[in-house]
Amino acid sequence: MRGFFITGTDTDLGKSVVCAWAVQWLDGAYWKPVQSGLMGETDSQFVQRVAGVEETRIYPCRYELNEPLSPHLAARIDGVQIKVSDFSLPQTERPLVVEGAGGVLVPLNDDELMIDMMAHLNLPVIVVCRTSLGTINHSLMTIETLRMRNIEIAGVVLNGEPNEANKAAICHFGGVAVLGEIPQLTELSSKALSAIAPTMPVHQWASGEMENSLHD
């Protein structure tokens with residue numbers, strides 16, 4: 001198992017929380033290729049703290065941009081040119097959890113999007129979905145966009161208050177497995193995340209079993 005690329009249907013929906021949870025359950029390492037916004041705690045620092053892992057399991061960002069904006073805008077302000085060809089996966093013996101910035105169609109530059117980086121890195125993708133109103137549309141559009149580019153989808157992780165109807169719709173119409181469900185937590189800590197078991201065993205995350213069975 002090489003690892004997974006974790007993306008979301010939007011921004012600020014808990015991708016970093018899911019990354020910390022995945023690092024714990026995979027006994028993995030973490031990499032954020034592009035960090036936009038350096039004020040306060042970065043995503044890498046957050047994942048290390050909340051996953052409760054040593055710093056050696058957190059790999060340096062390829063680009064660190066000052067402003068908390070879309071990567072193409074933040075890079076323009078900093079006078080930086082991001083190119084997908086500049087990215088390569090860190091060498092690690094652990095499963096690598098890679099966190100994207102925003103959603104799949106966030107621009108990296110004038111010609112390339114986050115999905116181009118995902119295709120370039122060639123890892124199975126985990127989609128983080130909200131559970132609240134609007135998630136069905138956003139989730140299915142993200143899944144459809146990934147499939148149009150022939151990018152492997154490992155499954156989805158639902159983040160928020162449980163909503164069985166929304167979960168069922170995403171699974172049915174998206175043809176995806178739910179790998180985990182993370183409820184709203186009063187305390188974000190290593191202990192709290194480690195208590196949330198995956199709904200599918202981690203060795204099956206990249207198998208595509210649910211996706212294939214729903215299309216048979």
Side-chain angles (χ1 to χ4, degrees), residues 3-20 22-23 30-48 50 58-90 96-154 156-160 174 182 188:
F4 300 92
F5 193 109
I6 294 187
T7 189
T9 59
D10 200 347
T11 190
D12 290 333
L13 50 62
K15 288 193 304 296
S16 297
V17 173
V18 173
C19 285
V23 165
Y30 171 86
W31 182 46
K32 176 88 172 184
V34 180
Q35 171 70 50
S36 294
L38 299 179
M39 291 291 291
E41 189 176 44
T42 66
D43 291 338
S44 296
Q45 292 166 340
F46 173 87
V47 169
Q48 182 191 351
V50 176
I58 309 296
Y59 288 88
C61 303
R62 177 64 179 84
Y63 292 96
E64 291 185 319
L65 308 170
N66 286 293
E67 300 299 325
L69 302 169
S70 172
H72 77 300
L73 292 176
R76 189 178 302 162
I77 291 170
D78 286 357
V80 173
Q81 179 67 37
I82 298 175
K83 293 186 293 185
V84 165
S85 59
D86 288 341
F87 294 96
S88 58
L89 294 172
L96 184 65
V97 175
V98 180
E99 181 176 2
V104 298
L105 297 184
V106 166
L108 294 172
N109 53 48
D110 290 341
D111 302 302
E112 296 174 312
L113 304 167
M114 185 61 63
I115 197 168
D116 295 305
M117 184 204 296
M118 296 158 74
H120 174 70
L121 295 177
N122 194 30
L123 291 175
V125 172
I126 295 172
V127 180
V128 180
C129 307
R130 304 181 192 275
T131 57
S132 55
L133 184 66
T135 189
I136 297 173
N137 182 62
H138 293 160
S139 300
L140 296 182
M141 285 196 300
T142 299
I143 291 164
E144 183 68 16
T145 301
L146 290 167
R147 288 216 174 101
M148 288 174 65
R149 289 289 298 269
N150 295 314
I151 293 174
E152 180 183 355
I153 302 170
V156 301
V157 173
L158 304 174
N159 190 33
I182 300 179
L188 275 175

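These numbers were taken from a predicted model, which means no experiment stands behind them.
- Counting heavy atoms from C-beta outward, Lys32 and Gln35 have side chains that approach closer than 4.5 Å.
- The main-chain N or O of Leu69 is found under 3.5 Å from a side-chain atom of Ser36 such that the two form a donor-acceptor pair.
- Looking only at distances, no side-chain donor or acceptor of Asp78 sits under 3.5 Å from a matching main-chain atom of Leu65.
- With hydrogens and angles disregarded, a donor-acceptor distance shorter than 3.5 Å links the side chain of Thr142 to the backbone of His138.
- Here Asp10 pairs with Leu13, Arg130 under the side chain to side chain contact (heavy atoms under 4.5 Å, CB included) rule; sequence neighbours left out.
- For the pair Leu73 and Glu67, the minimum side-chain heavy-atom distance is 4.5 Å or more.
- In summary, Lys83 and Asp111 do not engage in a salt bridge, as defined by a charged side-chain N under 4.0 Å from a carboxylate O.
- With no hydrogens or angles considered, a side-chain donor-acceptor pair links Tyr30 and Glu99 at under 3.5 Å.
- Applying the side chain to side chain donor-acceptor pair (under 3.5 Å) criterion to Lys15, with sequence neighbours excluded, gives no partner residue.
- Val84 is linked by a side chain to side chain contact (heavy atoms under 4.5 Å, CB included) to Leu108, Glu112, Asp116, Met117, His120, counting only residues two or more places apart in sequence or in another chain.
- Within the 4.5 Å cutoff, side-chain heavy atoms of Ile143 are placed close to those of Ile153.
- Under the ring-ring contact (aromatic ring centres under 6.0 Å, His included) test applied with Phe87, the options Tyr63, Tyr59, Phe5 reduce to a single match, Tyr63.
- Between the side chain of Trp31 and the main chain of Pro60, a donor-acceptor pair closer than 3.5 Å is present.
- Side-chain atoms of Asn137 and Thr9, non-hydrogen and from C-beta on, never get closer than 4.5 Å to each other.
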